[in-house]
Amino acid sequence: MKNIVIFGAPGSGKGTQSDLLVAHYGFDHISTGDVLRAEIKNNTALGQTARSFIDRGQLIPDELMINILAATYDALPKTAGVIFDGFPRTIPQAEALKEMLAQRDTAVHAMLELDVPDEMLIERLINRGKTSGRADDNAETIAKRLEVYNAQTQPLIAWYEAEGLRHAVKGYGDLQEINAALCSVIDAL
C-alpha cells in the first residue's frame, strides 16, 4: 500500500489529479475538507469537537485533525494506496502524519508537488469561481490564500525534499500529460 501526499497551492489541480489517480490505481482519497464535513455531518465525537472550534471561528488543532485522519485511515479498506489531499499544510502536521503512519508500520512514500506559477493559479481560481460559484474564489480571498500558502505551507517543500520524498511535476499544460508525469513517479515507487 502506497501513501501519497499530493501537494500544491490552491488551484494547482490537486483534486482533479487525485481523482485521476484514484481512477487509475484504485487508491483511496482522503481530502481533509471532505473528512471534516463528514465527521460533523455524522455527529461523531471527533466531529462535535471539530465543530466547536469551527463555530468559534478557530482553526482545528493539529492533534484533533491527525486524530480524525487516523480514524479515517484506519477505516479504509487496504487498497493499492491512499492519497492525502489538503494535509499536511504545515511542518508540524507533516511530522504528525509521519508519526501516525509509523505507528501503523507504514510511511509516506512520495510527495507529489504540482508546481504552477502564481499568475496561473490566480487565473484558474478566478475562472473556477465563475463556473462553480465558490465564494472563496475571488481576487481578494485568492490573494490571502496564496499568502497563507506561501508563508505556512510552502516550507513543506524543503521538508519533504530533506526526507527524500519530494517529486515536483509541472502542474500546468495538458491535463493528461500532468497525470502521466505523476503516474511515472508512482510507477517508479
Side-chain angles (χ1 to χ4, degrees), residues 2-36 65 69 79-95 97-98 101 107-189:
K2 301 292 181 207
N3 296 302
I4 309 291
V5 171
I6 193 155
F7 185 86
S12 62
K14 296 181 300 292
T16 299
Q17 289 300 328
S18 292
D19 290 344
L20 293 171
L21 295 172
V22 165
H24 183 80
Y25 291 102
F27 288 164
D28 282 302
H29 179 207
I30 298 178
S31 164
T32 52
D34 292 346
V35 168
L36 277 175
M65 194 65 230
L69 283 178
T79 60
V82 175
I83 297 173
F84 290 92
D85 174 3
F87 192 90
R89 291 185 183 204
T90 63
I91 290 171
Q93 288 179 356
E95 291 167 342
L97 178 62
K98 182 178 179 178
L101 291 173
V108 169
H109 296 93
M111 181 272 261
L112 305 177
E113 176 194 355
L114 293 169
D115 186 24
V116 181
D118 282 358
E119 58 274 6
M120 283 186 180
L121 294 170
I122 293 166
E123 182 180 333
R124 282 183 183 182
L125 290 168
I126 288 173
N127 287 335
R128 182 175 79 182
K130 290 176 185 174
T131 59
S132 73
R134 278 184 58 165
D136 60 342
D137 286 342
N138 62 68
E140 183 179 326
T141 306
I142 290 166
K144 180 66 177 165
R145 287 168 63 200
L146 289 176
E147 182 182 312
V148 169
Y149 169 81
N150 288 328
Q152 296 178 11
T153 306
Q154 200 171 36
L156 278 172
I157 294 171
W159 191 87
Y160 275 113
E161 183 76 38
E163 293 279 310
L165 298 172
R166 176 182 176 236
H167 301 274
V169 171
K170 184 178 87 169
Y172 55 93
D174 181 75
L175 192 65
Q176 295 307 322
E177 288 177 12
I178 297 165
N179 186 254
L182 295 172
C183 288
S184 70
V185 172
I186 294 169
D187 291 345
L189 294 176

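Separating the SG atom in C183 from the CD1 atom in I178 is a distance of 12.0 Å, to the nearest 0.5 Å. Here the CZ-OH distance, from F7 to Y149, works out to 4.0 Å after rounding to the nearest 0.5 Å. Going from atom CG of L121 over to atom OH of Y172 covers 11.0 Å, rounded to the nearest 0.5 Å. Between the CE atom in M65 and the CG atom in L97 there is a gap of 10.5 Å [rounded to 0.5 Å]. Remark: L112 CG to I4 CD1 distance equals 5.5 Å, nearest 0.5 Å.
Sparse packing is recorded around CD of E123, with 12 or fewer heavy atoms of other residues, nucleotides or ligands lying under 6.0 Å away. Heavy atoms of other residues, nucleotides or ligands lying less than 6.0 angstrom from CD of E140 number 12 at most. The local environment of CZ in R89 is sparse, with at most 12 non-hydrogen atoms from other residues, nucleotides or ligands closer than 6.0 Å.
Under the 4.5 Å side-chain criterion, counting only non-hydrogen atoms from C-beta, Y25 is not in contact with I83.
Checking side-chain atoms of S12 against main-chain N and O of A9 turns up a donor-acceptor pair under 3.5 Å. In this structure, H24 contributes its side chain and V22 its backbone to no donor-acceptor pair below 3.5 Å.
With sequence neighbours excluded, no residue satisfies ring pair (Phe, Tyr, Trp, His ring centres under 6.0 Å) with F87.
For the side-chain contact (heavy atoms from CB on, under 4.5 Å) with V169, the lone residue among D115, N179, L182, I6 that qualifies is L182.
Salt-bridge formation is not detected for the pair E95/K98: no Lys NZ or Arg NE/NH1/NH2 atom is positioned less than 4.0 Å from an Asp or Glu carboxylate oxygen.
Here salt bridge (charged side-chain N to carboxylate O under 4.0 Å, His left out) pairs that include residues 2-26, with residues two or more places apart or in two chains, number zero.
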